[in-house]
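Any value given below was found using the heavy atoms of this structure, including those in side chains, with hydrogens, waters and symmetry copies removed. By convention in this document, chain letters (A, B, ...) are assigned in the order of the sequence lines, proteins followed by strands, and residues within each chain are numbered from 1. No experiment lies behind these values; they were computed from the predicted model shown.
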There are 2 protein chains.
Amino acid sequence: MITTKDIAERLGISVSTVGRALSDDARISEETKFRVRQAASEMGYVGNRAARMMRGASSNVVALVIPDIRNSFYSTIAHELSKNMEAEGFQLMLSETDDDRMVELRHLRELSANRVAGVIIVPTARPHGDSIKLLRGLPHLQLLRRHPSLGSQWFGVDDHESLREATAHLVAQGHTRIAYLGGPTELPTGAERLRGFHSALSEAGLPDDAGRTELGPPSSVEYGREAVRRLLEGPDAPTALVLGSIQLTLGVLEELSEQGVQVPGELSVVGFGDEPGFSWWGPGLTTIGLPIQEMATGCALWLMRRLKTKPENDGPYTSVSPGSLVLRGSTAPPDGKAPSSSA
Amino acid sequence: MITTKDIAERLGISVSTVGRALSDDARISEETKFRVRQAASEMGYVGNRAARMMRGASSNVVALVIPDIRNSFYSTIAHELSKNMEAEGFQLMLSETDDDRMVELRHLRELSANRVAGVIIVPTARPHGDSIKLLRGLPHLQLLRRHPSLGSQWFGVDDHESLREATAHLVAQGHTRIAYLGGPTELPTGAERLRGFHSALSEAGLPDDAGRTELGPPSSVEYGREAVRRLLEGPDAPTALVLGSIQLTLGVLEELSEQGVQVPGELSVVGFGDEPGFSWWGPGLTTIGLPIQEMATGCALWLMRRLKTKPENDGPYTSVSPGSLVLRGSTAPPDGKAPSSSA
DNA sequence: ATGAAAGCGCTAACAG
DNA sequence: CTGTTAGCGCTTTCAT
């Protein structure tokens, strides 16, 4: 690897002159600057950021710590961050935790060792104590999930309201046996979504046992399939289903379409998230659309600004983006037998 | 940030003793080691990789340079790499090029400045000369696309054979007006897939004008929609369609389902890739399944090994994974009017 | 307008 | 068993 010293020797000048020329210092003659730049380019010189960091320069790397990039939720976020950051000269490090706090900790150790400029994290349910300590030393931002011990900078969506609205939509259609299938309540998102579900039920004055819930520890496609199978068994199966996780939604859709369940005839369904394919599933999936793109952009811009301004303006910051119900064909009043001419 | 010097001062010993204790050097007494580790942990010491790199240590970062992480093709790859690399203590840098050679170049500059340990790249159609130079200085590996000037380490899928097989399937069903819709031929993948399409036609002895092709410069969902609209217009519209890009497939499926085109009645379709949702699209999408997971794992393992063994065993290496046709319901003999009792 | 030298944090060679 | 010293590549005083 070529260094400033190599260039200096080649031109018979000192390293400091080379350094100054490359940083376009005012007191270097134009001619020298030209010769230096020429040589640098010819020799394929690329400045060593490690060395610069030792002199106090900060890293240009921001890390994104998420459960799984295959979840399109997260890949959209990653893309949006990457795009916004590239424009500002930042690079994106990708760390997948698989929702395992130990993996999360290992990643944070590495990120800290690499002295990344900042971290955007979707924390696991209960981060390790050391993870919390490590994050204290790094400018960071929580995304979607919010853990109290990880500071008060947070970007997320209105989980409670999104599920309340989705459930209310089913209630308005006359459903009285509604099931909710979502992620674990250990996660702040899971808890909020479940709360939203219950809010809608109680607002409608429905009895507590109107709502049946299946809360997966694993928010996986496979679990979604199993859970919906379980839900549909038995005599008083629900007539409607609201979902609280993208992965679970994918599983449910696969299972329902495989079992040939009539939607919305036998069962009304409201999905979570709006993936490619949701629109062409069965009668079109009515689903909770999330403004992840906007959220991610906001998040990127906030962090960029935070990193560029020296002062520790680490005041609490919270951004809650609203979801929106995307109405398609997968919901209808219960007992499809009676096509019901109600509005 | 805590340094070894801080620890040394606190314990009244020298920095080298601290360094050795932390690296579990044999000549340090167990007691000192213990005290050092204790202090390090208490003080929240995290080694500075930048400093280590200046002493010759190599980075533990591998970069993945791809067009767009939202393409599930690439997010699957990213996940697989990440998983395999985390196990070996490597971190994954994510660089999106948006298929823009200038963005690609900027990323490679940064990666080089950061002295990343290695690069896995899906190159743009014609990488910039400087990009080529930069890559020469970095251990790297091409993925899927293969550009001759970027070295001879490559992992990919058998694009030619995959499309040949898919097309042959349609030919076998009796189609004689088959369209191919794929990415630009400037990309090696695009060219190979198109070649596969033509191979199948000529093997079947079909006239050249049997195949109609639409080659998108932009492999986007939107372009897929437009293109299929164009294809279906006019009197001698094709009776079958083979696709050569995931994004285009997504667009085509949306458009066909929106327009209510009967598949396979009016049109037989073979998709590219196997995304969630392809199985529940219409009659189930017959599609070209790709072993991306295996490919990515192979790729990760190869690079890890390459990075761990000092010697420049940069011998040419090529790995071609075969695709496989996933048969579902979207293809049938032409002229659906005659349900045709053939096997 | 340019050089010389110091030092960032760490490790390794060289003394004890 | 432990300390001293040098140097990785770069920027930044402090001297010319």
Side-chain angles (χ1 to χ4, degrees), chain A residues 1-40 43-60 109-117 137-138 310, chain B residues 1-40 43-60 109-117 137-138 310:
Chain A
M1 273 293 177
I2 307 299
T3 71
T4 47
K5 193 179 165 197
D6 297 326
I7 301 177
E9 278 170 3
R10 163 113 100 96
L11 296 166
I13 57 180
S14 75
V15 280
S16 28
T17 302
V18 173
R20 286 196 271 250
L22 289 172
S23 63
D24 203 21
D25 189 296
R27 13 177 219 183
I28 300 294
S29 73
E30 281 308 322
E31 199 218 315
T32 306
K33 280 186 192 171
F34 179 78
R35 299 204 316 143
V36 169
R37 284 199 270 254
Q38 178 95 347
M43 303 170 77
Y45 169 79
V46 180
N48 185 331
R49 175 159 264 113
R52 292 199 176 129
M53 283 175 68
M54 295 217 48
R55 294 279 320 163
S58 86
S59 161
N60 66 335
R109 282 226 181 85
E110 287 300 334
L111 296 175
S112 180
N114 280 76
R115 300 294 191 268
V116 296
L138 293 169
K310 295 281 147 194
Chain B
M1 272 293 178
I2 308 299
T3 71
T4 46
K5 195 180 165 195
D6 297 325
I7 301 178
E9 279 171 2
R10 159 109 102 98
L11 276 65
I13 57 179
S14 76
V15 281
S16 35
T17 302
V18 172
R20 284 195 274 250
L22 289 171
S23 62
D24 204 23
D25 189 297
R27 350 164 242 192
I28 300 294
S29 72
E30 279 308 320
E31 200 218 313
T32 306
K33 280 186 193 171
F34 179 78
R35 299 206 313 141
V36 169
R37 284 198 269 252
Q38 178 97 345
M43 303 170 75
Y45 169 80
V46 180
N48 186 330
R49 176 161 260 111
R52 293 204 174 124
M53 282 175 68
M54 295 216 48
R55 292 281 319 162
S58 86
S59 161
N60 67 334
R109 283 228 181 84
E110 287 299 333
L111 296 175
S112 180
N114 281 81
R115 300 295 193 268
V116 297
L138 294 169
K310 296 283 148 192

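- Following rounding to the nearest Å, A:M43 (CE) and D:dG9 (C1') show an atom-to-atom distance of 14 Å.
- Listed nucleotides: C:dC10, D:dG9, C:dA1. Nearest to the side chain of A:S29: C:dA1.
- As rounded to whole Å, 15 Å separates atom C1' of D:dC10 from atom CG of B:N114.
- One distance of note links CD of B:E9 with OG1 of B:T3; it measures 7.5 Å at 0.5 Å rounding.
- Direction change of the helix axis from one end of the helix from C:dA1-D:dT16 to C:dG16-D:dC1 to the other is 50°, with five pairs defining each end axis (rounded to 10°).
- A straight line from CG of B:L22 to P of C:dA12 spans 13 Å, rounded to a whole angstrom.
- Of the inter-residue distances, the one linking B:T4 atom OG1 with B:D6 atom CG reads 8.0 Å to the nearest 0.5 angstrom.
- Atom CE in A:M54 sits about 13 Å away from atom C1' in C:dA6, given to the nearest Å.
- Between A:D24 atom CG and C:dA1 atom P there is a gap of 13 Å when expressed in whole angstrom units.
- A:N48 has its CG atom 10 Å from the P atom of D:dT11, to the nearest Å.
- Nearest to the side chain of A:I13, among D:dC10, C:dG3, C:dG9, sits C:dG3.
- In the region residues 30-37 of chain B, proximity to DNA chain D at under 4.0 angstrom, judged on heavy atoms, holds for B:T32.
- Separation of atoms CG (B:N114) and CG (A:N114) is listed at 9.0 Å; rounding is to 0.5 Å.
- A donor and an acceptor atom sit less than 3.5 Å apart, one in the side chain of A:R55 and one in the base of C:dG7.
- Residue B:S14 has its side chain nearest to D:dT4 when only D:dT4, D:dG9, D:dC10 are considered.
- Two residues are said to be in side-chain contact when any heavy atoms from C-beta on lie closer than 4.5 Å; A:I28 and A:V36 fail this criterion.
- When all heavy atoms are compared, the tightest approach of B:A39 to B:L11 is CB-CD1, 3.5 Å.
- Nearest approach of B:S14 to B:A8, heavy atoms of both residues: C-CB, 3.7 Å.
- Atoms CE and CG, from B:M1 and B:N48 in turn, are 8.5 Å apart once rounded to the nearest 0.5 Å.
- The distance from the OG1 atom of B:T17 to the NZ atom of B:K33 is 12.0 Å, given to the nearest 0.5 Å.
- No side-chain heavy atom of B:N60 sits less than 4.5 Å from a side-chain heavy atom of B:M53.
- A residue-by-residue look at B:I28 and B:R115 shows that B:I28 has its nearest nucleotide of DNA chain D further toward the 5' end.
- One atom, CG of B:D25, and another, P of D:dG3, lie 13 Å apart when rounded to the nearest Å.
- Here the nucleotide nearest the side chain of A:T17, chosen from C:dC10, C:dT2, D:dC10, is C:dT2.
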Strictly under 3.5 Å: I want the nitrogen or oxygen pairs between protein and nucleotides 13-16 of chain C, one per line.
| residue | atom | partner | partner atom | Å |
| --- | --- | --- | --- | --- |
| C:dA13 | N6 | B:R20 | NH1 | 3.3 |

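- Whole-Å rounding puts the B:M1 CE to C:dC8 C1' distance at 15 Å.
- Rounded to the nearest 0.5 Å, atoms CZ (B:R35) and CD1 (B:I7) are 12.0 Å apart.
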